[in-house]
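Presented below is the structure to which this report refers.
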Amino acid sequence: METMRAIAPEPRPATSETLATYYGTLLQHFGPQHWWPARTRLEVIVGAILTQNTSWRNVEVAVARLRRAGLLQHRALLNAPLSRLESCIRPAGYYRQKARTLKAFASFFEDQFGGSFHRLFHLPMGECRARLLSIKGFGPETADSVLLYAGKFPIFVVDAYTRRILSRHGLVPPDADYATTQAMVHQHLKPETKVYNEFHALLVETGKTYCRPQQPRCSSCPLRPFLPVAGPVLVAGSLANSPAWALAAEEAE
DNA sequence: TTCCAGTTGA
DNA sequence: TCAACGGGAA
C-alpha cells in the first residue's frame, strides 16, 4: 500500500449527552439484546469464564457439553475430575486454564458462601468484586460480568469491543486501561443495571458487526454520525484533512 | 495461514 | 511488558 499514516481521532470530552446518544442509537438500531443468554446464575458465571478471549459460539458448545454431563452445578464442578472438565470445555479454548478456573470458582463459592448466591451477592458491590478478583483466573472483566449479569449490580463491563469503539470515537485515549474506561462510562451513564447490561451487549454487537479490528465497516455503522473528525492523514504523500481515520482506512481498502 | 479474545506469571 | 495458554472462523 501507498504511504498512509492514520492519526488517532481528535480526543473529545465524553459527556452524559454523548453516552446517552450512543446508547439510544444502538438500542434503536439493534433492539434489546436480552443478555445474559443463560438459564441460571451459575451458567452465567461458567459462561463468563469460558468466554475469556473466546467467541461466544465456541462457548455455547462447551456449555452444552457441560450441561449434558450434568456439570452445571457447583457441587458437580467441585467433584468432577479436572480431566473431565477439560474434555467438556475443550471447544472453548484455553481449556486447561479454564477448567482450573471453574474449579477455583466452585471451591470459592462452596467454602466462602456455602453455595448460596444470596450470600455472595448480598455483599456490598465493592467487597463482592474484591472477593471475585481473588479467585485465580478471574480478572476485572470476568468479575464485572459476574457482578452485572449474575449479581445484577450496576457495574459496567469493559471489553475489547468497548475499548475499540470508544477509543476510535475519541471518547477514551487509545491506551486507556480497564479502570479508566469503566470510570468514564460510570461517570456519564446512570448507574442502572438494566442500562449497563444493555449498553455492554450493544457494544459487543457493534464491535462484531461494524467496529471490527481490521476493515471496520464505518460507512454502514449506526455510530458513524458521531465519529469525530480525525487529525490529518497522510495518504500517498499528500496531506489531507479527512474524515475520521477509520473511514479513511475503510476507503483505502 | 492469520486473526480474534482475557488472565497469569516472569 | 510480554509470552503462554487453544480453539474455531475468516
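Throughout, protein chains are lettered first and strands after them, A, B, ... in sequence-line order, and every chain is numbered starting at 1.
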Report the residues that fulfil ring pair (Phe, Tyr, Trp, His ring centres under 6.0 Å) with A:Tyr178, sequence neighbours left out, ordered by chain and then residue number. none
Upstream residue (5' side of DNA chain B) when A:Lys136 and A:Arg164 are each assigned their closest nucleotide: A:Arg164
Quick one: does A:Gln33's side chain have a donor or acceptor within less than 3.5 Å of a partner on A:Gly31's backbone? yes
Who are the side chain to side chain donor-acceptor pair (under 3.5 Å) partners of A:Thr40, not counting sequence neighbours? none
With sequence neighbours left out, what residues match A:Arg39 under side-chain contact (heavy atoms from CB on, under 4.5 Å)? A:Glu43, A:Arg67
With sequence neighbours excluded, tell me which residues meet ring pair (Phe, Tyr, Trp, His ring centres under 6.0 Å) with A:His169. A:Tyr22
Tell me, please, which residues at least two apart from A:Ala14 pass side-chain contact (heavy atoms from CB on, under 4.5 Å). A:Leu19, A:Leu171, A:Met184, A:His188
Is A:Arg163 touching bases, backbone alone, or none of the nucleic acid, heavy atoms closer than 4.0 Å? nothing
Sort out for me which residue in A:Glu205, A:His29, A:Arg224 forms a side-chain contact (heavy atoms from CB on, under 4.5 Å) with A:Tyr210. A:His29
Which residues pass the ring pair (Phe, Tyr, Trp, His ring centres under 6.0 Å) test with A:His118, not counting sequence neighbours? A:His122
Heavy atom of residues 80-105 of chain A under 4.0 Å from DNA chain C: which residues? A:Arg90, A:Pro91, A:Ala92, A:Gly93, A:Tyr94, A:Tyr95, A:Arg96, A:Gln97
Name the residue closer to the 5' end of DNA chain B, choosing between A:Tyr161 and A:Leu133 according to the nucleotide with the nearest heavy atom. A:Tyr161
Whether over 12 other heavy atoms sit under 6.0 Å from A:Gln73 CD: no
Identify the 5'-most and 3'-most nucleotides of DNA chain B with at least one atom closer than 4.0 Å to a non-hydrogen atom of chain A. B:dC4 to B:dG9
Tell me, yes or no, whether the heavy-atom count around A:Arg41 atom CZ, taken from other residues, nucleotides or ligands under 6.0 Å, exceeds 12. yes
Reading DNA chain C from 5' to 3', where do the contacts with chain A start and stop? Cut-off is 4.0 Å to heavy atoms. C:dC5 to C:dA9
Give every residue pair that meets the ring-ring contact (aromatic ring centres under 6.0 Å, His included) criterion with at least one member in residues 38-86 of chain A, sequence neighbours excluded. A:Trp36-A:Trp56, A:His74-A:Phe109
Positions of residues 61-70 of chain A (non-hydrogen atom under 4.0 Å from DNA chain C), listed by number: none
Do the ring planes of A:Phe156 and A:Phe199 sit parallel (below 30°), tilted (30 to 60°) or perpendicular (above 60°)? tilted
Partners of A:Phe108 by ring pair (Phe, Tyr, Trp, His ring centres under 6.0 Å), sequence neighbours excluded? A:Phe105, A:Phe113
